Amino acid sequence: MSRFLFTSRAGGVSNAPYESLNLATHVGDSFESVDENRLILANLLGYQRSQLFFMNQVHGNKVVIVDKNSDSEFTPDADALFTTQRDMALVTLVADCIPLLLESSNAVAAVHVGRKGLVLNILQETLRVFQEHGIKSNEVKAHVGPSICAKCYEVGEDVYRDVVALVPAAASQFRSLSDKPCLDIEAGLISQLDSQGVIWEKVGKCTLHDDGYFSYRRNGVTGRQAGVITLNEGRASGS
């Protein structure tokens, strides 16, 4: 049985502009603060720090399998982590993109879904790994975490056309104050989940509207919150 957790920006030790539970090492925060924040996260899960697995997210479609020989100090270039091992917590970091957590009875995955990952089919690539392990898509449940909403995700006209051409459900009726189109990445992802037969639930609010979350679009220099999933029951629960 799996457990999952979506963090907010509260509950850590980082100082402005990363206050306070920043979990990313690449945004300019001190290593000591991030390391302590990751230890706080591990404690929330009832785990050791060495049981947390992170990735260097590159807005692509690569999926990395975490197994009993994996080293938690190694952060692969990837946008999804997958495991069938218990006692391993998979982490995706976001500050407007979608933290997507996938679970079945004997495997889990943590997926980073931004605009580029959406059109590069990171979801489908991750589900393919489930299928390679004998798990059908309709046996997978998805938890769609807090991300930027369709009223806030402003893009250029060319980007809008390119994304909507590949993922029509990402089209939005909203335009920004500067009259640029806005994308609905969440709707695009949900359309892909539906097409694959994946049961899903939505957790959380718009990261830009709610300052309880980190938002790159709102603040520029800021921290990253996490979506975390593990096969072990631990002490975590959806939030």
Side-chain angles (χ1 to χ4, degrees), residues 2 4-9 21-27 34 37-38 41 52-66 70 72 74-83 88-103 107-130 140-149 152-153 155 159 163 166-167 170 183-193 196 198 200-208 213-217 222-230 238:
S2 65
F4 71 95
L5 173 70
F6 293 109
T7 68
S8 67
R9 67 184 302 161
L21 190 61
N22 168 47
L23 295 161
T25 59
H26 68 285
V27 295
V34 176
N37 287 337
R38 291 185 174 187
L41 175 61
L52 301 183
F53 289 81
F54 294 81
M55 52 188 157
N56 177 35
Q57 297 162 190
V58 294
H59 294 274
N61 63 0
K62 183 178 179 180
V63 184
V64 168
I65 297 173
V66 176
S70 297
S72 66
F74 176 63
T75 54
D77 291 345
D79 285 276
L81 297 176
F82 171 95
T83 194
M88 292 182 171
L90 309 182
V91 184
T92 177
L93 299 177
V94 294
D96 283 328
C97 291
I98 302 171
L100 175 66
L101 305 177
L102 302 175
E103 65 168 312
V108 294
V111 190
H112 167 243
V113 186
R115 165 176 55 86
K116 293 181 180 179
L118 184 74
V119 299
L120 290 173
N121 296 320
I122 182 62
L123 168 66
Q124 292 87 332
E125 287 299 307
T126 309
L127 291 175
R128 181 178 60 80
V129 176
F130 275 89
V140 176
K141 182 176 181 179
H143 309 282
V144 181
S147 65
I148 195 167
C149 76
C152 297
Y153 190 13
V155 294
V159 170
V163 172
L166 294 171
V167 188
L183 284 170
D184 192 340
I185 297 301
E186 183 182 84
L189 173 61
I190 288 172
S191 74
Q192 292 180 342
L193 290 167
Q196 297 291 321
V198 177
W200 58 269
E201 68 168 357
K202 177 181 174 181
V203 182
K205 303 176 182 178
C206 172
T207 48
L208 194 151
Y213 296 108
F214 295 110
S215 170
Y216 178 80
R217 286 296 185 105
T222 192
R224 300 292 186 271
Q225 58 254 347
V228 190
I229 193 162
T230 171

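Numbers here simply count residues along the sequence, with the first being 1. If you're wondering where the values come from, they're calculated on a predicted model, not measured in any experiment.
- Rounded to the nearest 0.5 Å, atoms CD1 (I98) and CD (E186) are 6.0 Å apart.
- Side-chain contact check for V34 versus L23: every heavy-atom pair is 4.5 Å or farther apart.
- Screening V64, T92, L90 for a side-chain contact (heavy atoms from CB on, under 4.5 Å) involving M55 leaves a single residue, T92.
- Under the 3.5 Å distance criterion, the side-chain polar atoms of D184 are matched with a main-chain donor or acceptor of A187.
- Of all the heavy atoms in V91 and L81, the pair that sits closest is O-CD1, 4.1 Å.
- Panel note: side chain E201, backbone A142; no donor-acceptor pair is recorded below 3.5 Å.
- In this structure, H143 NE2 and K202 NZ are separated by 15.5 Å, a value rounded to the nearest 0.5 Å.
- Using a distance-only test at 3.5 Å, with no hydrogens or angles considered, a donor-acceptor pair links the side chain of D79 to the main chain of H59.
- Here the CG atom belonging to D96 is positioned 8.0 Å from the OG atom belonging to S147, to the nearest 0.5 angstrom.
- One N or O on the side chain of T7 and one on the backbone of A226 form a donor-acceptor pair closer than 3.5 Å.
- Of all non-hydrogen atoms in V27 and N22, the two that sit nearest each other are CG2-ND2, 3.7 Å.
- Between V94 and H112 there is a side-chain heavy-atom pair separated by less than 4.5 Å.
- At a cut-off of 3.5 Å, with distance as the only test, no side-chain donor of Y216 or R224 sits close to an acceptor on the other residue.
- From I148, atom CD1 reaches atom OH of Y153 across 7.5 Å, with rounding to the nearest 0.5 Å.
- Taking all atoms of both residues into account, the shortest heavy-atom contact from L120 to G60 is CD1-CA, 3.9 Å.
- Atom OG1 of T126 and atom NZ of K62 lie 13.0 Å apart (nearest 0.5 Å).
- Taking CZ of R9 as the start and CG of N37 as the end, the distance is 12.0 Å to the nearest 0.5 Å.
- A pairwise comparison of heavy atoms in C97 and G114 identifies SG-CA, 3.6 Å as the closest pair.
- Using modelled atom types and a 3.5 Å distance limit, the side chains of N56 and D77 yield a donor-acceptor pair.
- Counting only distance, with no hydrogens or angles, the side chain of E103 and the backbone of A109 share no donor-acceptor pair below 3.5 Å.
- Judged by the 6.0 Å distance and 45° axis criteria, R38 is positioned over the aromatic ring of F54.
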